[in-house]
Amino acid sequence: TPSRPPTAVIAEDEPVLARTLSRLLEQVWPELRIVGVAENGLQATELGLSTTPDVMFLDIKMPGRTGLEVAEAGMP
């Protein structure tokens with residue numbers, strides 16, 4: 001059976017940095033599929049729970065919840 005492509009969520013409150021990270025990831029990991037971009041820690045948690053990505057790229061300092069708090073909350 002073919003495996004599905006890896007998925008990721010980007011959590012970054014600076015839109016320019018989120019777009020830059022997305023472009024760089026596309027270049028170095030073309031099979032990675034970005035399933036969501038969050039502008040704050042609460043959105044990141046919601047996206048993580050709703051999309052269950054393989055990888056989450058978390059900004060450390062974000063409004064609502066830091067990247068570390070998102071990571072500590074854990075995903076299923």
Side-chain angles (χ1 to χ4, degrees):
T1 61
S3 63
R4 69 173 181 78
T7 58
V9 164
I10 294 174
E12 171 58 65
D13 62 324
E14 296 288 338
V16 171
L17 294 177
R19 285 192 302 273
T20 300
L21 178 56
S22 182
R23 279 196 311 272
L24 290 171
L25 285 168
E26 189 176 306
Q27 291 172 12
V28 299
W29 196 356
E31 57 277 353
L32 182 68
R33 197 167 56 92
I34 305 297
V35 294
V37 178
E39 297 177 1
N40 61 57
L42 298 175
Q43 286 180 355
T45 300
E46 290 173 9
L47 272 173
L49 291 170
S50 67
T51 64
T52 58
D54 297 305
V55 180
M56 291 185 77
F57 295 92
L58 301 170
D59 184 11
I60 297 299
K61 291 179 120 183
M62 290 184 291
R65 187 179 260 185
T66 69
L68 292 176
E69 289 169 333
V70 173
E72 286 174 355
M75 298 295 135

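Of all the heavy atoms in Ala44 and Leu58, the pair that sits closest is CB-CD2, 4.4 Å. Heavy atoms only, all atoms of each residue included: Glu12 and Glu14 are closest at OE2-N, 2.9 Å.
Linking Ile, Leu, Val, Met, Phe, Trp and Tyr residues whenever their side-chain heavy atoms come within less than 4.5 Å places Met56 and Val35 in a single cluster.
The closest side-chain heavy-atom distance from Pro5 to Leu32 is not below 4.5 Å. Put simply, the side chain of Thr45 reaches to within 4.5 Å of the side chain of Arg65, judged on heavy atoms. A 4.5 Å side-chain heavy-atom check between Ile34 and Val37 finds at least one atom pair inside the cut-off. Taking 4.5 Å as the limit, some side-chain heavy atom of Pro53 sits within range of a side-chain heavy atom of Thr51.
A search for side chain to side chain contact (heavy atoms under 4.5 Å, CB included) contacts involving Leu21 returns Ile10, Leu25, Phe57, not counting sequence neighbours. Looking at residues two or more places apart in sequence or on another chain, you find a side-chain hydrogen bond (donor to acceptor under 3.5 Å, both in side chains) between Glu31 and Trp29. By the side chain to side chain contact (heavy atoms under 4.5 Å, CB included) test, Val16 pairs with Arg19, Thr20, sequence neighbours left out.
Residue pairs meeting the side-chain hydrogen bond (donor to acceptor under 3.5 Å, both in side chains) criterion with at least one member in residues 53-63, sequence neighbours excluded: Arg4-Asp54, Thr7-Asp54. For the salt bridge (charged side-chain N to carboxylate O under 4.0 Å, His left out) condition, no pair includes a residue of residues 21-30, sequence neighbours left out.
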Practice item. Show the numbers, then the answer: is there a side chain to side chain contact (heavy atoms under 4.5 Å, CB included) between Asn40 and Asp13? Key: CA-CA 6 Å; Asn40 61 57; Asp13 62 324; 5.8 Å; no
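The main-chain N or O of Gly48 is never found under 3.5 Å from a side-chain atom of Thr52 such that the two would form a donor-acceptor pair. Not a single donor-acceptor pair under 3.5 Å links the side chain of Thr66 to the backbone N or O of Met62. Gln27 places no side-chain N or O within donor-acceptor distance of the main-chain N or O of Leu24, the cut-off being under 3.5 Å.
In the displayed structure, Glu69 atom CD is contacted under 6.0 Å by more than 12 heavy atoms of other residues, nucleotides or ligands.
Clustering of Ile, Leu, Val, Met, Phe, Trp and Tyr by side-chain heavy atoms under 4.5 Å joins Leu17 with none of the others. The other members of the hydrophobic cluster of Ile60, by chain and number, are Leu68 (side-chain heavy atoms under 4.5 Å, ILVMFWY only).
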